[in-house]
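Take a look at the structure below.
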Amino acid sequence: MITIGIVDNDRFALPMLDMPLTDIPGLEICRRVRAASADIVVLGITSYSLDHYRQLAIDAGAQGLIAKSVTPKELAEAMRNVLVRPFPGFPTTEQAHGSIVSASARRPRTLSKREREVLGLYADNYSTA
């Protein structure tokens, strides 16, 4: 399991997280990073619809979201830009940290592994059926 300890400012200038990872979704990693730090800028990346993941990435505390189909030049530009300011509509690291910490304080318990798995499947557009 990935722990928050592998992500820190000394080792990563800009973590880029793939949204639908198999073992632990990028959105969950983003939430963990954001809960632990208001200093790390996070950029989400996906091959799926940006419209599908945009609000999920915002809620998880990311500062931007890009498609995997971008050119290397567009990727470099997005990385430079997000380090200066969040993409339009995305929170700053401080705003996102405050929201995540506040939401965590109100949450009575964490989700089980199975609950996170089911939510991840919903996020990947799987239906209950």
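Nothing fancy with the numbering, it's 1 onward along the sequence. In what follows, every heavy atom counts, from backbone to side chain, and hydrogens, waters and symmetry copies are set aside.
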Review point. Do the side chains of Val70 and Val42 join up, straight or via other hydrophobic residues, at under 4.5 Å, putting them in one cluster?
Key: yes
Practice item. Rounded to the nearest 0.5 Å, what's the gap from CG on Asp39 to OG1 on Thr93? Could you check? Key: 6.5 Å
Study note, to complete from the structure: Rounding to 0.5 Å, atoms CG (Leu14) and CG (Leu43) come to a distance of 5.5 Å
Exercise for review: Could you note down all residue pairs passing side-chain hydrogen bond (donor to acceptor under 3.5 Å, both in side chains) where residues 57-70 supplies at least one of them, sequence neighbours left out?
Suggested key: Asp18-Lys68, Arg34-Gln63, Gln55-Asp59
Which side-chain N or O atoms in residues 72-87 pair as donor and acceptor under 3.5 Å with protein atoms at least two apart or in another chain?
| residue | atom | partner | partner atom | Å |
| --- | --- | --- | --- | --- |
| Glu74 | OE1 | Thr71 | N | 2.8 |
| Glu74 | OE1 | Thr71 | OG1 | 3.3 |
| Asn81 | ND2 | Glu77 | O | 3.3 |

Check your understanding: Looking only at heavy atoms, which two atoms of Tyr48 and Pro20 are closest? And how far apart?
Key -> CE1-CG, 3.2 Å
Check your understanding: So which pairs with a foot in residues 117-129 pass salt bridge (Lys or Arg N to Asp or Glu O under 4.0 Å), sequence neighbours left out?
Key -> Arg114-Glu117
Exercise for review: Establish whether Leu50 and Met16 are linked, either directly or via other cluster members, by ILVMFWY side-chain heavy-atom contacts under 4.5 Å.
Suggested key: yes
Practice item. May I have all residue pairs that pass salt bridge (Lys or Arg N to Asp or Glu O under 4.0 Å) and include part of residues 48-57, sequence neighbours excluded? Key: none
**Study point:** Considering all heavy atoms, the nearest Pro91-Ala62 contact
**Key:** CD-O, 3.5 Å
Check your understanding: Does some side-chain heavy atom of Leu17 sit less than 4.5 Å from a side-chain heavy atom of Met19?
Key -> yes
Point to revise | Nearest-0.5 Å distance, CD of residue Gln95 to CD1 of residue Ile58 | key: 11.0 Å
Point to revise | Pairing residues for Tyr126 by the side chain to side chain donor-acceptor pair (under 3.5 Å) criterion, not counting sequence neighbours | key: none
**Study point:** Over all atoms of both residues, closest heavy-atom pair of Ala57 and Phe90
**Key:** CB-CE2, 4.0 Å
Practice item. Could you tell me the separation between the CG atom of Leu56 and the OH atom of Tyr122, rounded to the nearest 0.5 Å? Key: 14.0 Å
Practice item. Would you give the length of the straight line joining atom OG of Ser102 to atom NE2 of His97, rounded to the nearest 0.5 angstrom? Key: 11.0 Å
